[in-house]
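Letters A, B, ... mirror the listed sequences (proteins, then strands); counts begin at 1.
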2 protein chains.
Amino acid sequence: MVARTGRAQRRTEALSRERITEAAVELLDASGEGGLTFRALSERLATGPGAIYWHVANKGELLEAATDAVVAAALAEPAEAAGSPRDEIRAVALGLFTAVAEHPWLATQVSLQLSHGPTKSVPLRIFEGIGRHVGALGVPEDSWFTVASALMHYILGSAAQNASNARVAGSVVDRAEFLDEVSAAWEKLDPDDYPFTRAVARQAREHDDREQFLAGIDLILAGIHAR
Amino acid sequence: MVARTGRAQRRTEALSRERITEAAVELLDASGEGGLTFRALSERLATGPGAIYWHVANKGELLEAATDAVVAAALAEPAEAAGSPRDEIRAVALGLFTAVAEHPWLATQVSLQLSHGPTKSVPLRIFEGIGRHVGALGVPEDSWFTVASALMHYILGSAAQNASNARVAGSVVDRAEFLDEVSAAWEKLDPDDYPFTRAVARQAREHDDREQFLAGIDLILAGIHAR
DNA sequence: ACCTGAACACCGTTCAAGT
DNA sequence: ACCTGAACACCGTTCAAGT
């Protein structure tokens with residue numbers, strides 16, 4: 001039973017950073033961060049583990065490349081008929097929100113890169129993607145940094161929290177059941193320790209993710225003009 | 001050279017979940033997530049790897065317990081002479097911000113828990129800690145959920161981004177040098193791809209982390225009253 | 001009930017050898 | 001220049017055996 005069956009088919013194309021990254025994303029989507037190993041990856045690419053190291057320095061770089069590819073795709077919206085800055089920002093926000101819903105591993109990876117410094121390509125891409133439209137919003141220039149940061153952090157946090165819903169919610173029914181469970185769990189919390197969470201448990205049951213998400217964006221945008 | 005020197009001293013206290021969690025936090029602080037292994041942990045506790053499994057189910061649970069302990073401590077402020085809701089929120093925010101600065105591994109762990117569902121204790125603690133004061137803010141009840149979420153996500157995102165600064169900045173001089181480097185890196189970006197980031201590069205150099213952070217909180221709070 | 005420590009399966013990474 | 005695949009060091013986890 002020596003598995004010569006291992007590699008599915010003879011490789012036709014040469015290996016490349018792009019092909020490797022693509023396969024890594026597929027593996028991550030299929031089974032999360034634990035599913036991405038050099039062995040699984042090399043089998044999928046019909047090669048040996050060592051070959052990958054010719055194109056990628058290590059696992060961290062691989063994860064970074066996979067994250068970067070997905071984020072770049074999410075931000076590369078058609079950008080058709082440019083709407084108002086507000087609409088543009090909502091579009092960017094929803095694009096990222098959707099990307100995390102489709103790739104739940106993304107949330108942790110972006111947070112990791114964020115905590116590795118503001119010169120990493122992923123945080124930069126996102127910051128620029130949002131900031132570009134903040135400039136057009138008519139905000140005084142010395143608020144640009146604050147506004148773009150607030151929007152970026154809110155978007156990434158909400159997306160992370162939503163990633164869990166996405167894991168469960170295949171259908172609308174599952175979705176409703178899931179919300180019921182969360183709501184019920186919240187209502188069972190200790191009244192002394194969690195009065196607030198209990199109080200909003202009903203809202204949690206009724207809320208629509210995207211609507212809720214966009215309401216937060218609007219809240220932040222409203223803050224700009226209030227000052 | 002068989003290392004019977006391994007365990008530093010005979011254990012005096014019995015093992016417990018608390019002692020294990022405490023040692024885990026120390027290891028994480030000293031060398032990040034990579035530094036937390038069952039072998040290193042058991043050596044520090046003067047026991048064998050297997051012993052830990054009597055108190056903790058697996059590594060995930062260990063990480064969860066460590067995160068929970070640190071977050072709980074950060075939220076357990078003296079709560080002396082209660083200030084305005086606004087001040088209370090700023091205090092909670094700064095407490096979390098500081099905790100992440102002191103424990104850079106915290107950012108990724110909280111994000112991980114966030115993406116594992118809204119019934120995990122860490123997200124719940126934070127949500128409640130903030131929400132409690134949102135209720136006192138005079139906001140209509142149907143905005144509570146949105147406002148508390150927006151604040152929580154902004155806080156966690158900012159803290160994550162700041163974790164990287166913390167890793168570098170021992171002294172004020174290091175800090176200034178670091179900001180100069182970031183700013184310089186941003187100014188070297190492609191003008192076509194990163195016009196916005198380049199435009200705020202100067203602001204990045206001059207900004208004060210905490211001030212910037214609190215400005216974002218104020219922005220969100222301002223949004224509430226603008227509606 | 002709690003601890004010990006060897007053993008197992010698996011992982012990231014390296015590297016001499018091939019083409 | 002690029003790929004192969006065995007080998008190394010290390011890790012999470014299990015479990016028979018002890019107290």
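- Applying the Watson-Crick and G-U wobble criteria (two distances, each under 3.5 Å), dA1(D) pairs with dT19(C).
- Summarising the base pairing, dC8(D) is matched to dG12(C) through a Watson-Crick or G-U wobble pair whose two defining distances lie under 3.5 Å.
- Of the side-chain N and O atoms in W54(A), one or more sit less than 4.0 angstrom from OP1 or OP2 of dC2(D).
- Here the side chains of F196(A) and I130(B) are not in contact, with every heavy-atom distance at 4.5 Å or above.
- Residues M152(A) and L156(A) have side chains in contact (heavy-atom distance under 4.5 Å, counting atoms from C-beta outward).
- The distance from atom CZ of F38(B) to atom P of dA7(C) is 21 Å, rounded to the nearest whole Å.
- Two rings, from F213(A) and F97(A), have their centers less than 6.0 Å apart.
- The side chain of P49(B) approaches dG5(C) more closely than any other nucleotide in the set dA7(C), dC8(D), dG5(C).
- Of the listed nucleotides (dT13(D), dC3(C), dT13(C)), dT13(D) has the atom at the smallest distance from the side chain of K59(B).
- The interatomic distance linking L45(A) (CG) with dC2(D) (P) rounds to 16 Å, in whole Å.
- The distance from atom CD of E33(A) to atom C1' of dG12(C) is 13 Å, rounded to the nearest whole Å.
- Rounded to an integer number of Å, the gap from L63(B) CG to dG12(D) P is 10 Å.
- Atom-to-atom, CZ of R39(A) to P of dT13(C) comes out at 11 Å; the value is rounded to the nearest Å.
- Note on L36(A): only backbone sugar-phosphate atoms sit closer than 4.0 angstrom, heavy atoms only; bases stay farther off.
- When each of T37(B) and G50(A) is assigned the nucleotide of DNA chain D with its nearest heavy atom, G50(A) is the one assigned upstream, toward the 5' end.
- Atom-to-atom distance recorded for L112(B):CG and E33(A):CD is 8.5 Å, nearest 0.5 angstrom.
- Taking the six-membered ring for Trp and the full ring otherwise, the centers of W186(B) and F127(A) sit less than 6.0 Å from each other.
- Of the listed nucleotides (dG12(D), dC3(D), dG12(C)), dG12(D) has the atom at the smallest distance from the side chain of Y53(B).
- Rounded to whole Å, the distance from CD1 on I52(A) to C1' on dC11(C) is 13 Å.
- Atom NE2 in H55(A) sits roughly 16 Å away from atom C1' in dT13(C) (whole-Å rounding).
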